[in-house]
Protein chains: 2
Amino acid sequence: MAESDARTPRERYRAQVRDEIKQHAWEQIATAGASALSLNAIAKRMGVSGPALYRYYANRDELITELVRDAYRSLADTFRERGGAGADLAGLAHALRGWALDDPQRYLLVYGTPVPGYHAPEDTTRIAGEIMAVLLDACAACAAAAPSVAATALDDHLGDHRDWAGDHPAPSSVLRHALTVWTRLHGVLSLELAGHFAGMGFDPARLYAAEVDALTGR
Amino acid sequence: MAESDARTPRERYRAQVRDEIKQHAWEQIATAGASALSLNAIAKRMGVSGPALYRYYANRDELITELVRDAYRSLADTFRERGGAGADLAGLAHALRGWALDDPQRYLLVYGTPVPGYHAPEDTTRIAGEIMAVLLDACAACAAAAPSVAATALDDHLGDHRDWAGDHPAPSSVLRHALTVWTRLHGVLSLELAGHFAGMGFDPARLYAAEVDALTGR
DNA sequence: GCGCGGAGTTATAACTTCTAACGAACACAA
DNA sequence: TTGTGTTCGTTAGAAGTTATAACTCCGCGC
């Protein structure tokens with residue numbers, strides 16, 4: 001959320017106000033969810049009239065898209081921060097959970113229920129690719145430590161459709177593993193954040209940790 | 001969606017109109033998602049004025065709650081239908097995917113992003129218990145076929161917090177397995193339905209099948 | 001110093017949910 | 001068959017929402 005480097009004072013002011021709007025938007029989303037995000041309420045909180053915000057965001061969707069972009073960016077940053085040097089899969093997994101619990105609605109904004117017609121801008125898919133790249137690195141390092149098992153039918157299929165991995169040189173078994181890591185961690189995390197474990201009594205952290213252990217072959 | 005068994009003509013008519021409202025609501029949700037559900041639009045389609053619907057549902061939330069209840073009921077029915085006699089875990093898993101793909105927004109209404117303040121009525125948690133019971137049966141049968149492994153720390157923890165399993169007599173390792181089945185299948189399914197696999201090229205069905213294979217120890 | 005562009009204003013349209021008050025229709029009983 | 005009372009659907013309206021149009025006014029850059 002730092003786009004404050006602009007030459008002209010006008011642009012600087014503009015970036016500043018855009019940031020302030022996003023700030024209020026995040027607060028609102030955190031308490032009432034993205035569907036309840038109201039430009040009018042943000043304007044009221046900022047002490048300006050409703051239509052004033054339309055100078056900064058063409059419409060509600062554009063603001064939400066920007067928030068999604070920032071959320072992706074934030075996750076990519078924490079991933080690269082954590083996985084950049086020592087690409088440790090378990091550490092990455094727990095960094096993901098920390099990031100998610102830090103602001104559940106931010107996680108759900110990215111990985112939760114989308115509006116059927118919505119198409120993510122090219123931009124975000126690129127950042128998603130960055131995230132996947134870090135995950136692939138960690139999985140490749142993990143695979144190097146553990147002996148590989150026999151290739152499955154899914155491995156072969158993924159070998160034929162490996163465009164989503166960019167130009168990552170990992171073998172298809174690593175692609176499969178990365179995908180499995182993603183889906184399994186998301187499975188526990190999304191159910192936890194959605195409150196489906198709420199009345200069940202057990203500690204979701206332990207369930208998550210067990211999945212991480214299973215994924216790292218411990 | 002059959003509550004049409006009522007004594008008086010008034011009650012019969014009332015139940016019929018409630019059903020018709022829900023019918024239109026599902027159509028709307030399927031195309032635009034639950035957040036875009038509009039009572040006014042439903043009324044217009046039914047050829048009545050907006051406020052007329054408030055005779056049948058006190059407000060928008062009550063209608064959505066009813067839809068969630070029906071969705072739960074529908075899933076519980078397909079589960080019991082499939083798992084009632086031959087409780088086969090793989091069959092159950094594919095029945096789940098079929099049910100989800102049959103109406104993605106219905107799945108997401110139940111397992112997708114909730115509104116932060118929303119509390120599911122007691123009713124739905126009871127139906128969720130039914131669903132879990134079928135899953136536990138299938139996992140117990142699966143465990144009887146395969147030899148059990150050593151108890152994990154998570155097993156012990158779940159043994160201490162087994163209230164959510166009702167009075168199901170399964171050992172804690174089966175509880176853990178059922179929970180794992182739930183989270184892993186949901187992980188693949190929810191990412192698929194949310195469109196996160198969209199531009200990636202591979203076939204989500206194969207990824208799902210691979211998870212099912214891993215869960216059934218094949 | 002002056003002019004133009006951008007910022008914020010009010011007014012307004014077209015929506016939404018939801019309440020209130022009214023009239024009409026219908027089931028039921030006498 | 002004729003009340004009678006509940007219920008249904010209507011219109012009117014309040015309080016929101018997103019978004020546009022037109023207007024004023026300040027300040028940056030020339």
Side-chain angles (χ1 to χ4, degrees), chain A residues 3-29 31-68 109 115-118, chain B residues 3-29 31-68 109 115-118:
Chain A
E3 47 180 307
S4 306
D5 40 65
R7 4 205 170 301
T8 79
R10 275 242 158 94
E11 284 175 0
R12 192 160 35 234
Y13 175 75
R14 189 175 172 75
Q16 191 177 325
V17 175
R18 279 177 71 100
D19 270 8
E20 193 182 347
I21 292 171
K22 283 196 282 187
Q23 199 88 23
H24 284 99
W26 279 119
E27 286 172 18
Q28 221 175 297
I29 283 181
T31 63
S35 63
L37 181 67
S38 159
L39 288 184
N40 242 326
I42 293 175
K44 196 169 289 182
R45 273 224 193 170
M46 289 178 64
V48 298
S49 275
L53 299 192
Y54 288 82
R55 293 271 169 204
Y56 301 93
Y57 292 96
N59 49 46
R60 193 171 165 275
D61 269 16
E62 192 182 295
L63 172 57
I64 291 183
T65 296
E66 183 90 5
L67 296 176
V68 171
L109 193 61
V115 174
Y118 183 75
Chain B
E3 46 179 310
S4 305
D5 41 68
R7 6 203 168 301
T8 80
R10 276 244 156 95
E11 283 176 2
R12 193 163 29 237
Y13 175 73
R14 190 174 172 75
Q16 191 177 324
V17 175
R18 279 176 72 100
D19 270 7
E20 193 182 347
I21 292 172
K22 283 197 283 187
Q23 198 88 24
H24 284 98
W26 278 120
E27 286 172 18
Q28 221 176 297
I29 283 181
T31 63
S35 63
L37 182 67
S38 160
L39 289 183
N40 242 324
I42 293 174
K44 196 170 288 180
R45 273 225 193 167
M46 288 178 64
V48 297
S49 276
L53 299 192
Y54 287 82
R55 294 272 171 205
Y56 301 93
Y57 293 96
N59 49 45
R60 191 171 166 275
D61 269 16
E62 193 182 295
L63 172 57
I64 291 183
T65 296
E66 183 90 5
L67 296 175
V68 172
L109 192 62
V115 175
Y118 183 77

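Each chain gets a letter, A, B and so on, in the order its sequence line appears, and its residues count up from 1. Every value quoted in this text rests on a predicted model; they were computed, and no experiment measured them.
Screening Gln28(B), His24(B), Glu27(B) for a side-chain hydrogen bond (donor to acceptor under 3.5 Å, both in side chains) with Arg45(B), the sole residue that qualifies is Glu27(B).
As a whole-Å value, the separation of Lys44(B) NZ from dT17(C) P is 11 Å. Rounded to whole Å, atom C1' of dT19(C) lies 14 Å from atom CG of Leu39(B). Note: CD (Glu11(A)) to C1' (dG5(C)) measures 13 Å, nearest angstrom. The nearest whole Å value for the distance from the CZ atom in Arg60(B) to the P atom in dC15(C) is 18 Å. Summarising the geometry, the separation between CZ on Arg18(A) and P on dG6(C) is reported as 15 Å, rounded to the nearest angstrom.
In terms of modelled atom types and a separation under 3.5 Å, the side chain of Thr8(A) and the main chain of Glu11(A) share a donor-acceptor contact. Panel note: side chain Arg60(A), backbone Leu39(A); no donor-acceptor pair is recorded below 3.5 Å. Side-chain atoms of Arg55(A) never come within 3.5 Å of backbone atoms of Arg14(A) as a donor-acceptor pair (strictly under, hydrogens ignored).
Atom-to-atom distance recorded for Ile42(A):CD1 and Gln23(A):CD is 11.0 Å, nearest 0.5 angstrom. Here the straight-line distance linking atom CG of Leu53(B) with atom CG of Leu63(B) works out to 8.5 Å at 0.5 Å rounding.
Where DNA chain D meets chain B (any atom under 4.0 Å from a heavy atom), the bounding nucleotides read 5' to 3' are dT6(D) to dA12(D).
At a threshold of 4.0 angstrom between heavy atoms, the contacts of Leu37(B) are confined to the sugar-phosphate backbone, with no base atom among them.
Where Asn59(B) and Tyr13(A) meet DNA chain C, the nucleotide closest to each residue was compared, and Tyr13(A) sits on the side nearer the 5' end. If Pro51(B) and Ala58(A) are placed on DNA chain D by their nearest nucleotide, the residue sitting closer to the 5' end is Pro51(B).
A sub-4.0 Å separation between OP1 or OP2 of dG8(C) and a side-chain N or O of Ser49(A) is absent.
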Report task. Could you encode protein contacts along nucleotides 22-30 of chain C as a string, one character per nucleotide from 5' to 3', using B for base contact, S for sugar-phosphate-only contact and - for no contact, with a heavy-atom cut-off of under 4.0 Å? Result -> ----B-S--

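Side-chain contact check for Leu109(B) versus Trp26(B): some heavy-atom pair is nearer than 4.5 Å. Side chains of Asp61(B) and Val115(B) form no contact here, defined as non-hydrogen atoms less than 4.5 Å apart.
For Ser38(B), the listed nucleotide lying nearest its side chain is dT16(C); candidates were dT9(C), dT16(C), dT19(C).
Nearest heavy atom pair, residue Arg18(A) against residue Tyr56(A), reads NH1-O, 2.6 Å.
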